[in-house]
> 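Would you mind keeping the following structure in view while I ask a few things?
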Amino acid sequence: MSKIHLLPPEIIARIAAGEVIERPAYAVKELLENSIDAVSTAITIQIVDAGLTKITVIDNGDGMDKEDLLESFRPHTTSKIIGDTLHSIKTLGFRGEALSSIAAISNMTIASRIKYAETGIQVTLTAGVFMQVSPIGMPPGTVVTVENLFYTVPARKKFLKSTRTEFRHIVDLVTHYALSHPHIHFTLTHNKKIILDLTATTDTLERVKSLLGNHTFTNLIPVKYQDGYVKLSGFVGKPQLATYTLDKHYLFVNKRKVGDRLISQAIKESYGNLLESTAYPIAIIFLEMPFEMVDVNVHPRKEQIAIHEGKVVYDTLSKAVSQTLTDHNLTFHNASWKEDFSEGVGRKGNMGAFAPQLLRESVTPWTISQEKDFFVDQVFQINNLYIVAQSSKGLFIVDQHAAHERILYEQYEDEYRKQQKIIATKHLKKGVLLDLSIADFQVVQENLKLFTNLGFLLEEFGTNKFMISAVPQLFENRNIEVLIQEIIDDIRDERVKNIDNRAKRMLSYLACRSAIMAGDPLTQAEGKNLIEKLQTCQLLYTCPHGRPTMIELKATELDKWFKRS
Ligand code: ADP
Ligand code: MG
């Protein structure tokens, strides 16, 4: 008897759906794209428990008549491709699989009414199986309700992150589509709380401001360029808005959200050394080109695209961004570390940022010292960076920044452990108003306790704003907005899961930012003091990022070099 047999269709559908709809945000994305394709001017997205309990998307678009409605949730049914025109897709959807996929792994209701119909029609489905159809009173448009997402594929849920993170993905997604479609009124609620309510506008800038906050808004530079078929518009951020993730690259090709590394790279490269190697500028870029130039059918979630003659497009983009930066007197320059840090706004030389890069380079060409017995009666500083001291077996070269980072980190960690709070909080004479993007506002809100424990005092202050009235003392003279933004970026980095690790990361971050820098001249006494303190550390051989704090050169090695042994 043969062992191979065809799976029942509902199982095939669930397996396929589980692959496409990996997380609630992807279901929201599909529903949102359908509403946009239906030429809606108002879209409301209601989310319950990050979409796991319920997702409702209400639009005022074209709607469907009964016949279309009964087709819409079947696999591979679409109104968007007629004949074989897969090469020039103008709509966001085209595969005809979203509704059927989501339906297969949830309980779905679709209600729709076309403008000229007297009533709407509603269908209900359970795990993709049609249950009933009935008339329903409703305004023109479509309402799709998805309940108990993933209940037919419970294993999927195990791969999900926390409710907050999953919801943040939804916010990011809505932010993207709201940026590329300012003429649509978007409303987003989570557990009945209004997260955003953006009235329609013809002005993209106004949309940018309400989504990304005033601070970002005031530091954006408009970009506009046209070269042959390719039209480019949007905004790039001044270097001080740089982040260490690609989260703030809002890229669109023909209004479709895309995650395109090559586009991101082209933008980054235009900044040259205005940014350190691991930082990315903020960018909101709308590329428009003939639909035939774009193949949108290259990724299961339609997140990546292939551009014909992509090289030309990337070059155009690079050129446009470089020109824009030059026009704004932002050209490549070699700023010294000190200059950056004294201003408190520059980011070059941020050890926290390039440590990961160093860590990735797995070779360690140095011998990390295991010795504690320095003689500190005499120390030397070299290049305002290294301190050389003698030991019983030879000599040590200490990196002053890394060493100080280690010392401060252990001190902060100790204080944090003992009292869950860094004691020295400084109340600011004048509060600083923090105007955040919706997504970043959520991050701060979720981590408020952590900020408090670290010595910040933040209070909600109107829509997407916080008032900062106190900061850890060591930061009283820093640019607080930049500081908090950096911490937010760090928290958003999903590799750090538990709160304890998060706190430790923030502590190491605070240590890095408050440690003496490379380039700071030290007196004899300061140099000695640093080394003495380092000796009392528990993990004195590396900084919190894993870089060595010192290397040892044994006299026996010197002897070999000088051919004495
Ligand atoms: P696709 O979007 O790829 O065509 P979907 O499964 O997402 O496939 O939707 C199937 C069809 O259902 C669409 O082609 C469209 O005709 C119809 N449809 C889905 N959502 C809506 C909506 N919100 N308003 C109007 N029509 C819709
Ligand atoms: Mg669709």
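Indexing begins at 1, ligand by ligand and atom by atom, following the structure's order. The first residue in the sequence is number 1, and the count goes up from there.
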> Which residue and non-hydrogen atom of the protein lie closest to atom 23 (N) of ligand 1, and at what distance in Å?
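Checking every protein heavy atom, the shortest distance to atom 23 (N) of ligand 1 gives Asp59 OD2, 2.9 Å.
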
> Aromatic rings Phe456 and Phe451: how do their planes relate, parallel, tilted or perpendicular, breaks at 30° and 60°?
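Ring orientation of Phe456 relative to Phe451: perpendicular.
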
> Select one of side chain, backbone, both or neither to describe which atoms of Ala38 lie under 4.0 Å from any atom of ligand 1, heavy atoms only.
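The answer is the side chain.
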
> For Asp37 and ligand 1, does the shortest N/O to N/O distance drop below 3.5 Å?
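No: no nitrogen or oxygen of Asp37 is under 3.5 Å from one in ligand 1.
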
> Before signing off on this row, confirm whether Met64 and ligand 1 have an N or O atom pair separated by under 3.5 Å.
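No - when backbone and side-chain N and O of Met64 are compared with those of ligand 1, no distance drops under 3.5 Å.
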
> Would you check the N or O atoms of Gly96, main chain and side chain alike, for any that come under 3.5 Å of an N or O of ligand 1?
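N/O-N/O distance below 3.5 Å exists for this pair.
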
> Any idea which protein heavy atom is nearest atom 22 (C) of ligand 1, and the distance to it?
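Atom 22 (C) of ligand 1 sits closest to the protein heavy atom Thr142 OG1, 3.7 Å.
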
> Any N/O of Ala98 closer than 3.5 Å to an N/O of ligand 1?
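Yes - when backbone and side-chain N and O of Ala98 are compared with those of ligand 1, one distance drops under 3.5 Å.
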
> Applying a 4.0 Å heavy-atom criterion (strictly less than), which segment of Phe73 is in contact with ligand 1: side chain, backbone, both, or neither?
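It is neither; nothing of Phe73 touches ligand 1.
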
> Tell me: protein heavy atom nearest atom 10 (C) of ligand 1, and distance?
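Going atom by atom, the protein heavy atom closest to atom 10 (C) of ligand 1 ends up being Thr77 O, 3.5 Å.
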
> Between ligand 1 and Thr78, is the shortest N or O to N or O distance under 3.5 Å?
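Thr78 vs ligand 1: N/O contact under 3.5 Å present.
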
> Among Asn60, Asp197, Thr199, Thr44, which residue satisfies the side chain to side chain donor-acceptor pair (under 3.5 Å) criterion with His185?
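It is Asp197, the one option of Asn60, Asp197, Thr199, Thr44 that forms the side chain to side chain donor-acceptor pair (under 3.5 Å) with His185.
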
> Checking a contact table here: which protein heavy atom is nearest atom 15 (C) of ligand 1, and how many Å away?
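Ranking protein heavy atoms by distance from atom 15 (C) of ligand 1, first comes Ser79 OG, 3.5 Å.
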
> Indicate, as side chain, backbone, both or neither, the part of Glu33 found under 4.0 angstrom from ligand 1 when only non-hydrogen atoms are considered.
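Contact part for Glu33 vs ligand 1: neither.
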
> Assess Thr78: does it contribute an N, O or S atom lying under 2.8 Å from the Mg ion (ligand 2)?
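Checking the Mg ion (ligand 2) against Thr78, no N, O or S atom falls under 2.8 Å.
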
> Would you tell me which option among Val143, Leu99, Asn60, Asp68 has the nearest heavy-atom contact to atom 9 (O) of ligand 1?
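Closest candidate by heavy-atom distance is Leu99.
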
